[in-house]
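Written out below as structure tokens is the structure these notes cover.
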Amino acid sequence: MTVTVTYKGQWVAVCNIDDLIEGEASVFKAGGYEIYVVPIDGEIHVYYGRCPHAFGELAPSDFDGSKIVCNVHQWEFDPKTGASINPKGAKLFRLESEVRDGVLYVKVPQIPVVEFKEKYFKMYESL
Ligand code: FES
């Protein structure tokens, strides 16, 4: 099940979609947030680039083309839903995104990261 969490934020141009490579993740930074971009099967999935286990920073190399494996303690996530595969019950935080005129825009949360972590991230630890 896909859970969509709405949040206040500011739309930021992150990259040209031509710069993304199918099956390879990229990390961008904006407003103090890491933005994890995963193009797979013709769709672009965008997550907050931190792991819901212990807030580990996701790296491009964590995506092996079929799943995202956090490099800190090896939790595994489905790149299309953000749901954890092993162990089950956690989820990456999907950031709102859209493509306009070939540019990927991401809605970056407008609150400080520490506040965001408290308000939105803890809930994902138990999904
Ligand atoms: S911080 Fe990602 S698995 Fe622990």
Side-chain angles (χ1 to χ4, degrees):
M1 182 174 82
T2 300
V3 177
T4 303
V5 176
T6 56
Y7 58 90
K8 291 184 179 176
Q10 182 173 3
W11 287 95
V12 173
V14 168
C15 66
N16 291 315
I17 58 168
D18 289 346
D19 294 336
L20 299 174
I21 299 171
E22 170 77 17
E24 288 187 17
S26 301
V27 176
F28 301 92
K29 292 199 177 188
Y33 286 82
E34 293 84 8
I35 298 166
Y36 200 72
V37 179
V38 185
I40 182 170
D41 292 342
E43 290 187 24
I44 300 171
H45 299 275
V46 181
Y47 301 103
Y48 175 40
R50 292 281 180 159
C51 176
H53 173 222
F55 215 53
E57 195 168 337
L58 298 175
S61 58
D62 291 356
F63 179 51
D64 66 6
S66 62
K67 63 188 175 200
I68 298 165
V69 183
C70 177
N71 61 78
V72 183
H73 308 103
Q74 284 70 54
W75 279 27
E76 299 175 348
F77 300 89
D78 182 326
K80 294 181 181 176
T81 65
S84 62
I85 301 165
N86 184 24
K88 292 195 181 299
K91 198 167 174 56
L92 299 175
F93 187 96
R94 182 179 293 276
L95 294 172
E96 293 179 43
S97 64
E98 60 186 41
V99 175
R100 288 182 241 147
D101 297 327
V103 175
L104 176 66
Y105 287 83
V106 175
K107 188 174 160 188
V108 176
Q110 64 185 29
I111 58 177
V113 170
V114 66
E115 234 177 275
F116 173 86
K117 186 181 171 190
E118 281 300 311
K119 187 172 183 181
Y120 295 109
F121 219 63
K122 281 190 175 296
M123 64 183 285
Y124 277 79
E125 292 172 353
S126 60
L127 283 181

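Because only heavy atoms are used, hydrogens play no part in the values below, and waters and symmetry mates are left out as well, while side chains stay in. Every number for a ligand or one of its atoms is a count from 1 in the order of the listing.
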- prompt: So, are Lys8 and Glu115 salt-bridged, with charged N and O less than 4.0 Å apart?
  reply: no
task: Show which atoms of ligand 1 fall inside a sub-4.0 Å distance from at least one heavy-atom site of Gly56.
output: 1 (S)
query: Looking at Cys51, which atoms of ligand 1 are within less than 4.0 Å of one of its heavy atoms?
result: 1 (S), 2 (Fe), 3 (S)
- request: Pick one of side chain, backbone, both or neither for how Ala54 approaches ligand 1, counting any non-hydrogen atom pair under 4.0 Å.
  value: both
query: Considering the options Val38, Val14, Val106, which one meets the side chain to side chain contact (heavy atoms under 4.5 Å, CB included) requirement together with Val46?
result: Val106
query: Do you see an N/O/S atom of Cys70, backbone or side chain, under 2.8 Å from atom 4 (Fe) of ligand 1?
result: no
query: Is the distance between atom 4 (Fe) of ligand 1 and the nearest N/O/S atom of His73 smaller than 2.8 Å?
result: yes
- prompt: With respect to Phe93, which candidate in Tyr33, Tyr47, Phe77, Tyr7 satisfies the ring-ring contact (aromatic ring centres under 6.0 Å, His included) definition?
  reply: Tyr7
Name of the His53 atom (N/O/S only) found closest to atom 4 (Fe) of ligand 1: ND1
- prompt: Any idea how Phe116 and Tyr120 line up, ring-wise: parallel (<30°), tilted (30 to 60°), or perpendicular (>60°)?
  reply: tilted
- request: Enumerate the atoms of ligand 1 whose separation from the nearest heavy atom of Trp75 is less than 4.0 angstrom.
  value: 3 (S)
- prompt: Taking the six-membered ring for Trp, are His53 and Trp75 parallel (under 30°), tilted (30 to 60°) or perpendicular (over 60°)?
  reply: parallel
- prompt: What are the atoms of ligand 1, with element, lying closer than 4.0 Å to any heavy atom of Val72?
  reply: 1 (S)
task: Would you kindly confirm whether Trp11 and Val37 end up in one hydrophobic cluster when ILVMFWY residues are joined by side chain heavy atoms under 4.5 Å apart?
output: no
